[in-house]
Asker: 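Sharing a structure below in structure tokens format, with a few things to ask.
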Amino acid sequence: MNTDPVETLRWREGAIEMIDQRLLPARFVYVACHSALDVAAAIRDMVIRGAPAIGCAAAYGIGVEALRLGHQGEMPFARGMDAAFEVLAASRPTAVNLSWALARMKRVMQACASRHPQDVADLLIASAHEIRAEDIRVNRTLGAHGALLLADGARVLTHCNAGALAAAGHGTALGVIRSAIEAGKRISVIANETRPFLQGARLTAWELRESNIPVTLITDGMSGHLMARGSIDAVIVGADRVAANGDVANKIGTYMVATMARRHGIPFYVACPSSTIDMSTRSGADIPIEERSPHEVTGYGDTRWAPDDIEVFNPAFDVTPAELVSALITEKGVIHAPDPTQLKATFQS
Ligand code: MRU
């Protein structure tokens with residue numbers, strides 16, 4: 001059984017199209033991006049979001065820009081491509097998959113620097129396709145590893161959306177759940193709504209419903225109550241960046257969930273591809289935490305619920321210390337109680 005609901009990104013007639021995730025679940029619309037600027041804006045404005053999906057989008061941003069500039073001479077092409085790398089790198093700071101994908105695209109460019117710009121463009125588009133296909137393969141592999149950790153009948157809490165919508169397909173945290181279900185286990189999901197951008201209420205709830213996976217939506221403050229009552233067997237989340245010591249940056253609120261899970265003896269799992277592991281960042285304290293617009297906290301869409309002149313702080317991510325992580329699930333296998341030594345042995349190239 002294939003439980004994947006959607007194509008988060010798709011290639012159509014020289015453009016990269018992405019589901020506009022700001023509109024879900026009310027509307028299902030693809031947005032076409034024809035340039036690096038289009039893609040950078042789509043990442044910044046949350047048309048596309050989720051660490052692996054951001055990485056794929058950035059790779060296509062380089063590809064479409066190369067196609068756009070491919071008819072120019074070598075010098076203007078090189079200058080335009082430098083600007084494309086810069087604008088994409090600056091689009092969002094926390095998910096390391098963005099710089100991972102850009103570094104990979106840069107290596108491809110450097111390896112074919114002597115070729116005609118149009119040939120370079122073709123090679124860059126092919127690399128973006130490969131990054132996208134690889135992401136789905138990797139998620140399926142890590143999903144299979146993680147599925148072994150879930151018992152038949154498990155009730156699994158997740159936070160934010162680490163699903164097919166947050167990747168090229170299948171998902172990371174939700175990929176583990178999909179794989180467990182595909183293996184015949186009965187799994188139900190409790191989804192935190194995930195204030196302020198509501199990725200849980202809007203995206204996880206929608207994505208799981210589309211796949212006929214049982215899901216119950218709760219507000220973020222309710223998960224401790226459910227844990228205390230014995231209604232949650234495991235927690236699985238994704239990650240935007242894992243530091244070399246195993247600290248995990250993920251959607252704001254994850255740290256509270258991990259702390260409560262430890263208090264109640266519930267395993268707290270983090271599922272991510274190895275492109276999310278950043279061995280050059282020593283600890284969570286060194287991970288840049290994005291701060292987003294106050295408008296995300298004071299209201300949503302056209303609705304405003306806070307007073308006009310209120311002071312707002314809106315960090316989009318927090319850091320869960322490695323000591324609260326029961327296991328890190330990647331395509332390379334499951335690392336129980338991750339620590340710097342295990343991470344170095346597995347991910348240092
Ligand atoms: O701000 P977002 O929606 O991009 O944040 C997404 C998350 O925090 C996800 O949990 C993370 O990127 C993992 S996605 C597989």
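Both counts, for ligands and for their atoms, begin at 1 and track the order of listing.
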Asker: Treat each ILVMFWY residue as a node, draw an edge where side-chain heavy atoms are under 4.5 Å apart, and state whether Met227 and Ile236 are in one component.
Answerer: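 Different clusters: Met227 never reaches Ile236 through Ile, Leu, Val, Met, Phe, Trp or Tyr contacts under 4.5 Å.
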Asker: Tell me which protein heavy atom sits closest to atom 14 (S) of ligand 1, plus the residue, atom name and distance to 0.1 Å.
Answerer: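 Closest protein heavy atom to atom 14 (S) of ligand 1: Ala166 CB, 3.4 Å.
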Asker: Could you state the interatomic distance from CE (Met260) to CG (Leu157), rounded to the nearest 0.5 Å?
Answerer: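 Going from the CE atom of Met260 to the CG atom of Leu157 covers 11.0 Å.
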Asker: Return yes when Asp240 approaches ligand 1 closer than 4.0 angstrom through a heavy atom, no otherwise.
Answerer: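 Per 4.0 Å heavy-atom rule, Asp240 contacts ligand 1.
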Asker: Heavy-atom distances under 4.0 Å decide this one: backbone, side chain, both or neither, for Cys160 against ligand 1?
Answerer: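 Near ligand 1, Cys160 shows its side chain, while the N, CA, C and O stay back.
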Asker: Ring centres of Tyr300 and Trp305 under 6.0 Å apart?
Answerer: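 No, the ring of Tyr300 stays outside the 6.0 Å limit from the ring of Trp305, centre to centre.
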Asker: Determine whether the side chain, the backbone, both or neither of Lys251 has a heavy atom under 4.0 Å from any heavy atom of ligand 1.
Answerer: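 Both backbone and side chain.
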Asker: Any idea which atoms of ligand 1 are less than 4.0 Å away from a heavy-atom of Met46?
Answerer: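 Going through ligand 1 atom by atom, the ones under 4.0 Å from Met46 are 1 (O), 3 (O).
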Asker: So for ligand 1, is Gly50 a polar contact partner (N or O within less than 3.5 Å, distance only)?
Answerer: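 In this structure, Gly50 places an N or O atom under 3.5 Å from an N or O of ligand 1.
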Asker: Looking at ligand 1, does Arg92 have a heavy atom less than 4.0 Å from it?
Answerer: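 Per 4.0 Å heavy-atom rule, Arg92 contacts ligand 1.
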Asker: Should His159 be counted as touching ligand 1, given the test is an N or O pair under 3.5 Å?
Answerer: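 His159 vs ligand 1: no N/O contact under 3.5 Å.
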Asker: Within ligand 1, which atoms have a heavy atom of Pro52 less than 4.0 Å away?
Answerer: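 Taking each heavy atom of Pro52 in turn, ligand 1 has 14 (S), 15 (C) under 4.0 Å.
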Asker: What is the nearest protein non-hydrogen atom to atom 15 (C) of ligand 1, stated with its residue, atom name and distance?
Answerer: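 In this structure, atom 15 (C) of ligand 1 has Thr172 OG1, 3.0 Å as its nearest protein heavy atom.
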Asker: Would Arg10 pass as a cation-pi partner of Tyr30, given that its NZ or CZ must be under 6.0 Å from the six-membered ring centre and within 45 degrees of the axis?
Answerer: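 Satisfied, under 6.0 Å and within 45°.
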Asker: Would you mind listing which atoms of ligand 1 come within a distance below 4.0 Å of any non-hydrogen atom of Ala162?
Answerer: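 Taking each heavy atom of Ala162 in turn, ligand 1 has 14 (S), 15 (C) under 4.0 Å.
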Asker: What atoms in ligand 1 come closer than 4.0 Å to a heavy atom of Ala51?
Answerer: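 Listed by number with element: 12 (O), 14 (S).
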Asker: Could you state the interatomic distance from CG (Leu142) to NZ (Lys332), rounded to the nearest 0.5 Å?
Answerer: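 Result: 12.5 Å between the selected atoms.
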Asker: Checking Ile16 against Val39 for the side-chain contact (heavy atoms from CB on, under 4.5 Å) test, could you report, in this order, the C-alpha distance in whole Å, the side-chain angles of both residues, the deciding distance, and whether it holds?
Answerer: CA-CA 9 Å; Ile16 183 65; Val39 173; 4.0 Å; yes
Asker: At what distance is the nearest protein heavy atom to atom 9 (C) of ligand 1, and which residue and atom is it?
Answerer: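 Checking every protein heavy atom, the shortest distance to atom 9 (C) of ligand 1 gives Asn250 OD1, 3.4 Å.
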Asker: Please report the interatomic distance OG(Ser99) to CG(Leu88), rounded to the nearest 0.5 Å.
Answerer: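 If I round to the nearest 0.5 Å, the distance is 12.0 Å.
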Asker: Any heavy atom of Ala239 sitting closer than 4.0 Å to ligand 1?
Answerer: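 Under 4.0 Å: yes for Ala239.
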Asker: Say whether Ala167 and ligand 1 are in contact under the criterion: heavy-atom distance to a ligand atom below 4.0 Å.
Answerer: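 No, that is not the case, since the closest heavy atom of the residue is not under 4.0 Å from the ligand.
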Asker: Just how far is it from atom CD of Glu296 to atom CD1 of Ile252, taken to the nearest 0.5 Å?
Answerer: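 Going from CD on Glu296 over to CD1 on Ile252, the span is 11.5 Å.
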Asker: Any non-hydrogen atom of Phe317 lying under 4.0 Å from ligand 1?
Answerer: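 It does, in that a heavy atom of Phe317 comes within the 4.0 Å cut-off of ligand 1.
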Asker: Are Glu74 and Arg115 close enough for a salt bridge, meaning some N to O gap below 4.0 Å?
Answerer: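 Salt bridge flag = no for Arg115 with Glu74.
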Asker: Relative to the ring of Trp11, is the ring of His129 parallel (under 30°), tilted (30 to 60°) or perpendicular (over 60°)?
Answerer: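 Answer is perpendicular, since the angle exceeds 60°.
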Asker: Could you list which atoms of ligand 1 come closer than 4.0 Å to a heavy atom of Gln199?
Answerer: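 So the atoms of ligand 1 that pass are 1 (O), 2 (P), 3 (O).
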Asker: For the residue pair Arg49 and Arg92, establish whether any side-chain heavy-atom pair is separated by less than 4.5 Å.
Answerer: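 When only atoms from C-beta onward are counted, Arg92 and Arg49 do touch, with a gap below 4.5 Å.
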Asker: Answer yes or no: does an N/O atom from Gly163 fall short of 3.5 Å to an N/O atom of ligand 1?
Answerer: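 No; every N/O pair is 3.5 Å or more apart.
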